[in-house]
Each structure stands twice: as structure tokens, then as C-alpha cells.
*Asks:* 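I'd like to ask you about the structure that follows.
This structure is a prediction, so every number in the text was calculated from the model and none was measured. Each residue takes its place number in the sequence, starting with 1. Just so you know, these numbers use all the heavy atoms, side chains as well, and skip hydrogens, waters and symmetry mates.
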Amino acid sequence: MTNTRAGCLPRTLVVIGTGPRGISVLEAMAARLAAGDPDQPLRVYAVDDTEVGAGRVWRTDQDDWYTMNTVAGQITMYSGVPDGGPWRPGAGPALDEWARATEGEEDLGPDDYASRRTYGRYLKSVFHTVRRSLPAHVELVPLHRRVTGLERRPVGGWLVELDRAPFLVAANQVLLATGHPVNTPDAFEQRMLDFAETRDAVHYLHGDSAADMPLGTRTIPAGTTVAVKGLGLSFYDVMLALTVGRGGEFKRNTEDRLVYLPSGQEPRIVAGSRSSLPIPARGVNQKAPDHTYRPVFLTKSAIEAAKERQRRTHGHEQLSFSRHVLPLILQELEHVHQQTHREAGGRDPLPPLDLEKLARPFTGEGFASPEAFHARLLEVMREDLRQAHLGNARGPLKAALDVLRDTRAVVREATDFGGLLPASHDTEFVRDFLPGNALLSAGPPVERVEQLVALVEEGTVEIAGPETRFDTCEKTGMFTVSSPRVAGSRRRAAVLVDARIPTPDLRRDTSWLTRSMLASGVVSEYRRTGPHGDSRPTGGLNITRSPFRVVAADGTVHDDLYALGIPTEHTRWFTQVGSGKPGLNTLFRQDAAAIAEAVLQDVGLLEQEQERAA
């Protein structure tokens, strides 16, 4: 039990959500509490409604074909690398190092892709290491509960409401790290749900990860035609669940090409999206785990200079994405594109990169048949695989596209907390740039794209074509899939799987906690405001800058309530990053450190530790 000497009751922190964001703060706190035994005790409740220490997305009971899309050597939850001593907060292994040293785990090299459940076990290992490493005056209490409400106490602090005993926990500080939401249906989703509800053996599955969808034979019998909306990362998860998950196998033939051997239990998959380009592969990794890219054009100083020009010229510092930011991104990509080509021995310059063409390769094309479209699609996918095998350091295309990942922190300098003009943010950034950016920068491992090629060749998967339309047919009582640019593409499906990742939106979040906090005014929605007072709702949680304190509906800043990660999307950009990189002070690590230090200062522990260290 916690030391409560001299009648000193423990201060209390409740961390709601123990996925990577919640654990990152716990690790950062533990690293700062490693020495000393001050009189003030601290009790930390780690609350998760799915699996304490792993969270929902990384839960450890999911199937092993669900994989990560970052190589294992570039993933760590520790704020420092191993130093020869025992693993502990501030000095612990990356994912691949942990797996190789842990009996029964995957034999992961630094360039391998781990399964999500392996990452979940790694997260739980970090959680247990944190718990074991805490000094006597600090207690970490895991609670497998759903948080249903959060109310302000008259004496200060919070009452955290739980769905099971102990039902109420009094807290001095609370961290919201709740992760991916489950949203109420939008207009399209509701129409599909209403259609399926009145028909037997017709199902619409949406709004969740593939690991949590009912994709088994009870819902989708063998031979059923399944329509899949979306061709991003979640599409590959659905694809594997319906093929490998049904007993099918991928093998390499004598020509070293991947082929698919069906089990006979598979459904027929018809998928599509606006572009109908399945998200391309990441380049084969050729970079060290601690690789850092140093921008030449897209720099923080360039963003600050643009803001200063706006101040001098217009009296405000909000930027236009298309005029002030996008040209710097394109310059950076082209610089790496040509430089990598020269270093590989290229003499003549390559044609300039065309991001729009890469993301929408079928623009303006029509196809006389599904077979004609598939021939063109496979041509594009095989070329992408060729580029991916050249690597992300020695292949000009994939090296350039990696810049989109490597410079996210700089782009955030321009976009976060209303850094862009509202109209520019909504159209130039969100509508025009982000879909292509996500498609070209966040791809799966090469093997996933090879598997899809094999499935298209074998006939289990069909891609409908550009501008795919998903609809219903009252006459047949089934869903329909078609492309207006592919003649003969119309197909009927008994099941429609929506494989798009839900967009965070406070107003649509079905969580009891979120609804309760909104109704009571504990939290508020961030509104993006322009220089002339025009204001637009965003769906994001309203927070301050670091250390990310929550702003109430009346504008009050809670100095004892913090939020980190996906609930704050739209206020900040790309909050789904779920790990740090070994040996680097990444934004993921900085965010966790900022909250950890603010919490410890509030409970009076950090100053004592700092004094002892001095």
C-alpha cells in the first residue's frame, strides 16, 4: 500500500485510457519519480474499458494477421534507450529488442513489422515495468472499468464515475487519453443501417476496426459477395480476415511471385473508393531506428517567417496552406526525389513528382470492362511494388514520399491551434491535401500489397473502379457497388463493410463519458476562428497548448484536467501517432513529458525530486 506517513493522504491521478498515449505519460512520470521518498504519497488509477495496459486497438487477444505499419526498430514506449542496467522508465528497449529478449514472442528484426497483438503485449510489459519501478510513495492501480462521467467536486478536483465498483473515484488530476471513438452514424451510414435492418442475411458493418467487426461465417457465409468501402489500411485488415482468417494461404511460386491458395471458405470481395487505388506500399526500410530527417525548405523558421509576413501585411499570423505551406512541402519532396536519384547514379533529372497523379492515377480514364480496369490497376500496383523494393533511402520515389512522414511536426507548426485561415484549413488542407497525403505516406508493408495483387489475380478480390458508388437496391434487397467509369462494373452484395477509419468528432462520439462531459460543460468543442471573427466548429476537443489542459464550455481552463491524443484531433493534427522513436526526443515523447511534469508539479512531487537532484 501507499505510504501515508503523518496522516498525509495520497494525491490522486486518474488516467482514462491505457493505450500508447496513456502509458507514455505513466512512463514519463515514473522516470521522474525514480529517486527519493518524499512525504507526499501519490496514487494513480489506470482505467481502461478493454484491456488495462494495451487499450482497445492494441488488445492482446486479436488475431495475428493484424499488423503495424511502422517497422519494429522504430517503435519504443521508453523515453530513453537501454543503458546496460535493468529495463526501467527512462531506459528501456524498442519493440524489436523487447521481442527478441522475451521468451515466446515474435523473432522481430528492426525492419520487421510486428502484429498488433505483439505491440499490445509490449505495451503491457511497459505498464508492468512502470508499476514495478515506482518508489514506495507512489501506487499504480489498474482498473478494468468503463468511465461513464466526470464531475467537478465542490472541494476541488474531480469525481470519476465508473460502471462497476468502486463506482466513484475522487481525483485531484485527470488525464483523458481515450483513443479512437465509435461515432453515431452519419447520413450515409444511417441509410445503409436502415436498409439492412429490415432484411434477413443483409448486413452493414461500420465504425470500428476490423478486429472488432463480426467478419466470421455467421455474418458472412462462404461464397457471399461482400462490398468493402474504402481502400486504406483498414481495407487490408478486412481483406486478411476474410481470406487468411478463413484458412487461405499465400505461397511463393517458382518465379518468387506470391500466389493465393483459397480454402473455399472465402466470400467474394468487391471493394472500391473515390480513387480506387489501394493505399500503396511503404518503401522497404533502409533507415536506422534513430534516423532524423533535417528539412531544407520546410523548416520551422520558414513557417515562422511566413507568419511574420502575415503579421506585417495583414495584422494576423494565420496562413494559407496552398500559398504558404504546400509550396514548401513540394520543394522538400522534390529536393529529396532528385538528390536520391543523383546519389543512385542518375545523370539526367527525373520528371518532377506529381502528387495528384500518384494519388489519383486513373483520373480522366474510362474502361470498357472490369478486366480492362484490373489490367491497368495491376500495372500501377506492380510499379508501386517495384518502387517500394528500391527502398525508402535509395529509391527516389519512396524516399521522397517518406518526407511526408518525416516533416509532420513542422506542418503542425502551421496547422495546429488555428494556425491556418479557417477556409484554407477546411478546403486546401483537409479536403484537398490530406486524402492524398494519407494515401501516399501511411502505407502498409510491401507484403500486404503483394497479397492484394495475388488476390486480384486469383479472383477473390475485385476492385470496382474510380469514383466507386455504394448504394442499395430495393428490388433485389441487396447493396450495390459500381464505378461510373468502368463498364459492366455493377455488382450486388449481401454485406457492406465500411472500412474507413472513423473521424474523431465530439458531437458524434457515442461514449457515455464524452456525452456526459459535453452536456455538463466540463469540455467544449474547439472552434477555428478567422481574423475577422468568423468561427467554425471542428469536432475536436478544446485544449490549451502544451501541457494540453482542457477548456470548459464557459471558457475556463481546467488546471487539473488534461487531454492527449485522438480526442484532440482537429485542434491538433495527426494525433494518432502511437509510439516514439528510440533515442529521439519526438513530439510523442515531448507531449507525454509535458503532462507528466505538470501533474507532478501540481501534486508537489516534481519540485522535491528536482531539489534532491540539485
Side-chain angles (χ1 to χ4, degrees), residues 186 230 232-233 273-275 279 295 297-311 313-314 316-334 353-360 363 400-443 500-507 525-543 545 565-577 587:
D186 63 18
L233 291 174
S273 67
R274 184 172 62 176
S275 72
I279 185 169
F297 301 100
L298 181 62
T299 63
K300 290 185 178 181
S301 60
I303 297 297
E304 285 302 318
K307 291 179 179 179
E308 178 59 30
R309 289 194 298 273
Q310 286 290 91
R311 265 193 302 268
T313 305
H314 301 289
H316 65 83
E317 61 178 33
Q318 287 182 302
L319 304 178
S320 160
F321 183 77
S322 64
R323 287 193 291 118
H324 300 119
V325 186
L326 184 58
L328 298 175
I329 295 174
L330 297 178
Q331 276 185 288
E332 200 70 54
L333 265 66
E334 194 57 38
L353 282 175
D354 185 338
L355 295 186
E356 179 64 24
K357 186 174 181 180
L358 287 169
R360 306 280 184 266
T363 299
L401 295 179
D402 241 24
V403 170
L404 293 171
R405 298 169 63 95
D406 293 336
T407 57
R408 284 173 184 154
V410 185
V411 175
R412 289 188 184 109
E413 294 287 323
T415 62
D416 287 5
F417 296 99
L420 298 176
L421 293 160
S424 173
H425 193 286
D426 292 346
T427 56
E428 297 168 354
F429 183 56
V430 174
R431 186 192 68 190
D432 299 338
F433 176 74
L434 288 188
N437 174 72
L439 191 73
L440 298 175
S441 69
R500 298 172 298 170
I501 297 173
T503 300
D505 187 336
L506 280 181
R507 301 291 173 181
E525 181 180 14
Y526 179 70
R527 298 184 69 89
R528 197 169 291 114
T529 303
H532 305 297
D534 52 314
S535 179
R536 304 185 183 199
T538 65
L541 186 65
N542 194 4
I543 55 171
R545 293 182 182 270
I566 288 168
T568 68
E569 185 72 28
H570 310 306
T571 309
R572 307 175 73 198
W573 172 59
F574 210 83
T575 55
Q576 59 264 49
V577 171
L587 194 61

*Asks:* If every non-hydrogen atom of Leu355 is compared with every non-hydrogen atom of Leu440, which pair is closest and at what distance?
*Replies:*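 Minimum heavy-atom separation between Leu355 and Leu440: O-CD1, 3.8 Å.
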
*Asks:* Between Thr568 (side chain only) and Gly565 (backbone N and O only), is there a donor and an acceptor less than 3.5 Å apart?
*Replies:*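 Side chain of Thr568 to backbone of Gly565, a donor-acceptor pair under 3.5 Å: yes, one is there.
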
*Asks:* Working to the nearest 0.5 angstrom, can you tell me the gap between Thr529 OG1 and Asp534 CG?
*Replies:*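 That separation rounds to 7.5 Å.
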
*Asks:* Does any N or O in the side chain of Glu334 come within less than 3.5 Å of the main-chain N or O of Leu353, such that one atom is a donor and the other an acceptor?
*Replies:*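 The answer is yes, because a donor-acceptor pair under 3.5 Å joins these two groups.
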
*Asks:* For Gln318, is there any backbone N or O sitting under 3.5 Å from a side-chain donor or acceptor partner on His316?
*Replies:*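 Yes, because the side chain of His316 sits within donor-acceptor range (under 3.5 Å) of the backbone of Gln318.
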
*Asks:* With sequence neighbours excluded, what pairs up with Arg507 under the salt bridge (charged side-chain N to carboxylate O under 4.0 Å, His left out) test?
*Replies:*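 Here the qualifying residues are Glu525.
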
*Asks:* Please report the shortest heavy-atom distance between Leu319 and Ala414, naming the atom on each side.
*Replies:*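 What the structure gives for the nearest pair is CD1-CB, 4.1 Å.
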
*Asks:* Verify, without hydrogens or angle tests, whether Arg360 (side chain) and Ser275 (backbone) share a donor-acceptor contact under 3.5 angstrom.
*Replies:*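 Absent.
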
*Asks:* Supply the atom-to-atom distance Thr313 OG1 to Glu308 CD, rounded to the nearest 0.5 angstrom.
*Replies:*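 Going from OG1 on Thr313 over to CD on Glu308, the span is 9.0 Å.
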
*Asks:* Mind listing the closest non-hydrogen atom pair of Ile566 and Pro504 along with its distance?
*Replies:*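 Here Ile566 and Pro504 meet closest at CG2-CG, 3.5 Å.
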
*Asks:* Is it the case that the side chains of Arg527 and Ser535 hold a donor-acceptor pair, with the cut-off being a distance below 3.5 Å and no angle test?
*Replies:*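 There is such a pair between these side chains.
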
*Asks:* For a quick test of reading the model, state the closest non-hydrogen atom pair linking Glu304 to Glu413 and the distance between them.
*Replies:*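 The answer is OE2-OE1, 4.5 Å.
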
*Asks:* Using only atom types and a distance under 3.5 Å, with no angle test, would you say the side chain of Tyr526 pairs donor to acceptor with the backbone of Arg572?
*Replies:*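 Side chain of Tyr526 to backbone of Arg572, a donor-acceptor pair under 3.5 Å: no, none is there.
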
*Asks:* Are any side-chain N or O atoms of Asp426 and backbone N or O atoms of Arg431, one a donor and one an acceptor, separated by less than 3.5 Å?
*Replies:*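 It does not hold such a pair.
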
*Asks:* Determine yes or no for a side-chain-to-main-chain donor-acceptor pair under 3.5 angstrom, with Ser441 supplying the side chain and Arg405 the backbone.
*Replies:*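 Answer holds: no.
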
*Asks:* Can you give me the closest heavy-atom contact between Arg500 and Gly230, atom names plus distance?
*Replies:*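 What the structure gives for the nearest pair is CG-CA, 4.4 Å.
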
*Asks:* Rounded to the nearest 0.5 Å, what's the gap from CG on Leu333 to CG on Asp402? Could you check?
*Replies:*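 One gets 10.0 Å once the value is rounded to the nearest 0.5 Å.
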
*Asks:* Kindly compute the distance separating CG (Leu326) from NE2 (His324), expressed to the nearest 0.5 Å.
*Replies:*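 So the CG of Leu326 and the NE2 of His324 are separated by 12.0 Å.
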
*Asks:* Before giving the answer on side-chain contact (heavy atoms from CB on, under 4.5 Å), spell out for Ile329 and Thr407 the whole-Å C-alpha distance, their side-chain angles and the decisive distance to 0.1 Å.
*Replies:* CA-CA 8 Å; Ile329 295 174; Thr407 57; 5.6 Å; no

*Asks:* Might you work through the side-chain contact (heavy atoms from CB on, under 4.5 Å) test for Lys307 and Ile303, ending with a clear yes or no?
*Replies:* CA-CA 6 Å; Lys307 291 179 179 179; Ile303 297 297; 3.9 Å; yes

*Asks:* What distance do His532 atom NE2 and Leu421 atom CG have between them, rounded to the nearest 0.5 Å?
*Replies:*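 With rounding to 0.5 Å, NE2 (His532) is 8.5 Å from CG (Leu421).
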
*Asks:* Say you draw a straight line from CG of Asp432 to CG of Asn437; how long is it, rounded to the nearest 0.5 Å?
*Replies:*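 Spacing of CG (Asp432) from CG (Asn437) equals 12.5 Å.
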
*Asks:* Verify side-chain contact (heavy atoms from CB on, under 4.5 Å) between Phe574 and Val411, making sure each step is shown before the conclusion.
*Replies:* CA-CA 10 Å; Phe574 210 83; Val411 175; over 6 Å; no

*Asks:* Tell me every residue that passes ring pair (Phe, Tyr, Trp, His ring centres under 6.0 Å) with His425, counting only those two or more places apart in sequence or in another chain.
*Replies:*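 If we apply the ring pair (Phe, Tyr, Trp, His ring centres under 6.0 Å) test to His425, skipping adjacent residues, the hits are Phe429.
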
*Asks:* Between Glu428 (side chain only) and Ser322 (backbone N and O only), is there a donor and an acceptor less than 3.5 Å apart?
*Replies:*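 Looks like yes, one N/O pair under 3.5 Å.
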
*Asks:* Checking side-chain hydrogen bond (donor to acceptor under 3.5 Å, both in side chains) against Thr575, which of Arg412, His570, Glu569 comes through?
*Replies:*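 Of the listed options, the one satisfying the test is Glu569.
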
*Asks:* Only counting residues at least two apart or in another chain, list the ones meeting ring pair (Phe, Tyr, Trp, His ring centres under 6.0 Å) with Phe417.
*Replies:*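 By the ring pair (Phe, Tyr, Trp, His ring centres under 6.0 Å) rule, Phe417 matches no residue at all.
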
*Asks:* Can a donor-acceptor pair be found, under 3.5 Å and without considering hydrogens, that links the side chain of Thr299 to the backbone of Ala302?
*Replies:*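 Yes; at least one donor-acceptor contact below 3.5 Å.
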
*Asks:* List the atom of Arg408, the atom of Leu404, and the distance in Å for their closest heavy-atom pair.
*Replies:*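 Nearest pair, atom of Arg408 first, then Leu404: CG-O, 3.4 Å.
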
